[in-house]
Amino acid sequence: MHKKLLKYFGSYTRNAILAPLLTAGEVIMEILIPFITAMIIDRGIEGGSMRDLVLFGCLMLVCAFVSLICGVLAGRNAAKASTGFACNLRQGMYEKIQEFSFSNIDKFSTAGLVTRMTTDVTNVQNAVQMILRIAVRAPLMLICSWSMCFIINRELSLVFFAAIIILGIILFSIANVTMPIFQKVFNRYDDLNASVQENVGAIRTVKAYVREEYEKKKFSKASNKLYKMFVKAESILAFNNPVMMLVIYTCIVCISWLGAHFIVDGTMTTGNITSLFSYVISMMMSLMMLSMIFVMITMSSASIRRISQVLSEESDIRDGKNPVMEVKDGSIDFFHVTFSYSSRNTKPVLEDINLHINAGETIGIIGATGSGKSSLVNLISRLYDISSGSLKVGGVEVRDYDIQTLRNAVALVLQKNVLFSGTILENLRWGDENASEEECIEACRAACADEFIDRLPDGYNTYIEQGGTNVSGGQRQRLCIARSLLKKPKILILDDSTSAVDTATDAKIKKAFREKIGDTTKIIVSQRISSIEKADRIIVLDGGRVTGFDTHENLIRTNEIYREIAEAQSQGGGDFDHAKEE
């Protein structure tokens, strides 16, 4: 078990300690039974002593009863410890993921994280239960049985010693080959889960384009790759049982042949040979259990490494030593800011950005796809850290803020609007969990969401399906805007979040912003000139650089790219990307 994972036993540590101790008691009682059986045969039956027969018979029953009680309690404690460990481990991984920055999350696919928290944790849970019970029982039984054999007959005990060494070498060789394969197998699980997740998430698009057969073939391909790798690993592991049985039965033949000679020579009694065979069977069962443990640990080792990758990942974004706990206002300053998603990227996404935005201003951002619009606004709430330069909010460097304080002051409505399963009110209160119903209604009026909510049968208590699938795209956008308004932010960022809203409703929302949240800095990312033309100033991005930052009227005169898109849209078509292509 990886040392970093041991702390996740938590309050179940007591169960984890009791399980092997009770298992040890169970084994000791079982080991005594064959020895007592030999006494019954030699002193009770062959010696003709009824007193010894009754005495040792009663002693055997006591040992069996104690063994049974220890076994039941050991199983119960092992089950509690393993399931509790798995529960704590999942919780620990989930909490760790919540601390990740976007750049940390980008290292792991969503499907990969799901696999780690389900399949991998289940594998480790099963391995823990086997370790606490079988991994203690099997070696202890093997050692005790061999010790008893050594007491009975030293020469015969050496046969087992040689067999265990041979078997250990073979099992280690098999494990060395299969572990890398299992690591690849669980990576294939990620691909399979990703295929399922993508298909289910985009099922409407799949059906609209009649791509069911294509998706079936795609899933079948991923599934077959997983199948082939599992077959390869299991085929190697399959050598485990035949090799083990060959060694065990060779031992039995050798003991039978040598034991017969010892009995004829008179150096062994019938009771001794009987108990010896009982210990042989115990050792055989122990070796079989060790084989099971070997397979489980081989599989779980890959899972442990994958889980440890998540738990060992440190967030790229952390609070400073003395973080600032208040955002004074919504002013924003970019000083020679450059940003790349990865240090390996040769070309930065944003390069040498210099901007000063006053508190309470309404700023529009327009640019071609891939120009860095979303990247720019994500830096403000420190979802990513800048690569170089300086970024200040409220006159303070963003790295000097307490992260939660900064993000509570910034409301960000992303391009992909997400609603959670629950009522409309429950979704709105993500912005402020203590918001009254009247405050929620007022926010919805500002976002023009009240228009459709009032028509719903249950109004604000209408249940929203997971992902908001039972409302339209425009309705989702308006609910997300209302949710962000409830935060009462110093900075409100709308990242193309009114694209599914008609022009008239878009104009109403912008008017409500001007009237009701005049002190809030508003940043509107859009492809439509009509959505941003009334902004105080507009940023024009091209290839990660600012090519214009001025009012709509001035940009029409001075910025060629902006003028072209404005003319194209005023004539009834085109967007920023089309303007660049012309």
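The first residue in the sequence is number 1, and the count goes up from there.
Among all heavy-atom pairs drawn from V121 and M93, the shortest one is CG2-SD, 3.9 Å. Contact between S484 and P489 at its shortest, heavy atoms only, is O-CD, 3.7 Å. Taking both residues in full, the closest heavy atoms of S381 and R407 are given as O-NE, 3.2 Å, listed atom of the first, atom of the second, then distance. Residues I481 and V413 share a closest heavy-atom pair of CA-CG2, 4.2 Å. A pairwise comparison of heavy atoms in R476 and V471 identifies NH1-O, 3.1 Å as the closest pair. Minimum interatomic distance between A74 and A19 (heavy atoms only, all atoms of both residues): CB-O, 3.7 Å.
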**OP:** Give the C-alpha distance, both sets of side-chain angles, the deciding distance and a yes or no for side-chain contact (heavy atoms from CB on, under 4.5 Å) between T405 and V324.
**Re:** CA-CA 8 Å; T405 299; V324 179; over 6 Å; no
- Message: Test side-chain contact (heavy atoms from CB on, under 4.5 Å) on I317 and F100; report intermediate values, then the result.
- Response: CA-CA 8 Å; I317 297 177; F100 283 174; over 6 Å; no
Open item on the list: Working note: R429 + C440, criterion side-chain contact (heavy atoms from CB on, under 4.5 Å); need CA distance, chi angles, decisive distance, verdict.
Closed with: CA-CA 8 Å; R429 284 174 177 147; C440 292; 4.2 Å; yes
Exercise. How far apart are the C-alpha atoms of N461 and I424, what are their side-chain angles, what is the distance that settles it, and do they pass the side-chain contact (heavy atoms from CB on, under 4.5 Å) test?
Worked result: CA-CA 6 Å; N461 291 311; I424 288 176; over 6 Å; no
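Taking 4.5 Å as the limit, every side-chain heavy atom of M141 sits out of range of all side-chain heavy atoms of I28. Counting heavy atoms from C-beta outward, Y401 and P323 have side chains that stay 4.5 Å or more apart. For the pair L89 and M117, the minimum side-chain heavy-atom distance is 4.5 Å or more. Contact annotation: the side chain of S375 never approaches that of Y384 to less than 4.5 Å [non-hydrogen atoms, C-beta and beyond]. L22 places a side-chain heavy atom less than 4.5 Å from the side chain of N77. Here the side chains of N15 and F9 are not in contact, with every heavy-atom distance at 4.5 Å or above. L412 has its side chain out of reach of L492: every pair of non-hydrogen atoms, C-beta onward, lies at least 4.5 Å apart. In this structure the side chain of L59 never reaches within 4.5 angstrom of the side chain of L55, judged on heavy atoms.
Results of the side-chain contact (heavy atoms from CB on, under 4.5 Å) test with M130 over I134, N126, L132 single out I134 as the only residue that passes. Screening N123, D120, V124 against I304 for a side-chain contact (heavy atoms from CB on, under 4.5 Å) leaves a single residue, V124.
The OH atom of Y463 lies 9.5 Å from the CG atom of N427; values are rounded to the nearest 0.5 Å. A distance of 4.5 Å separates CG in L419 from SG in C480, rounded to the nearest 0.5 Å. In this structure, CD on E99 lies 9.5 Å from CD1 on I403, to the nearest 0.5 angstrom. Here the straight-line distance linking atom CG of D402 with atom CG of N408 works out to 8.5 Å at 0.5 Å rounding. Here the CD-CD distance, from Q129 to Q125, works out to 7.0 Å after rounding to the nearest 0.5 Å. Taking CD1 of I491 as the reference point, atom CG of L406 lies at 7.5 Å (rounded to 0.5 Å).
One N or O on the side chain of T118 and one on the backbone of V114 form a donor-acceptor pair closer than 3.5 Å. Looking only at distances, no side-chain donor or acceptor of R116 sits under 3.5 Å from a matching main-chain atom of I307. Panel note: side chain E426, backbone T423; a donor-acceptor pair is recorded below 3.5 Å. Between the S82 side chain and the A78 main chain, a donor and an acceptor come within less than 3.5 Å of each other. Between the side chain of S220 and the main chain of K216, no donor-acceptor pair closer than 3.5 Å is present. Not one N or O on the side chain of E313 forms a donor-acceptor pair closer than 3.5 Å with the backbone of V310. A donor-acceptor pair under 3.5 Å is formed between the side chain of N88 and the backbone N or O of Y8. Within the 3.5 Å criterion, the main-chain N or O of V410 finds no donor-acceptor partner in the side chain of K490. With hydrogens and angles disregarded, no donor-acceptor distance shorter than 3.5 Å links the side chain of R483 to the backbone of G431. Panel note: side chain T13, backbone G10; a donor-acceptor pair is recorded below 3.5 Å.
Residues S374 and D495 have side chains that bring a donor and an acceptor to within less than 3.5 angstrom of each other. E95 and Q91 share a side-chain donor-acceptor pair at under 3.5 Å. Side chains of R133 and T23: a donor-acceptor N/O pair is present below 3.5 angstrom, by distance only.
Taking a cutoff of 4.0 Å between a charged side-chain nitrogen and a carboxylate oxygen, R382 and D385 qualify as a salt bridge. Using a 4.0 Å cut-off between charged side-chain N and carboxylate O, E314 and K96 make a salt bridge. Taking the charged nitrogens against the carboxylate oxygens, E30 and R137 do have a contact shorter than 4.0 Å, which makes a salt bridge.
Around CD of E212, the count of heavy atoms belonging to other residues, nucleotides or ligands within 6.0 Å exceeds 12. Annotation for E326: atom CD does not count as buried by contact number, only 12 or fewer foreign heavy atoms lying within 6.0 Å. At most 12 non-hydrogen atoms from other residues, nucleotides or ligands lie less than 6.0 angstrom from CG of N322.
Between F420 and W430, the ring planes are parallel. Angles under 30° get that label, and only those over 60° would be called perpendicular.
The ring of Y12 has its center no closer than 6.0 angstrom to the ring center of F85.
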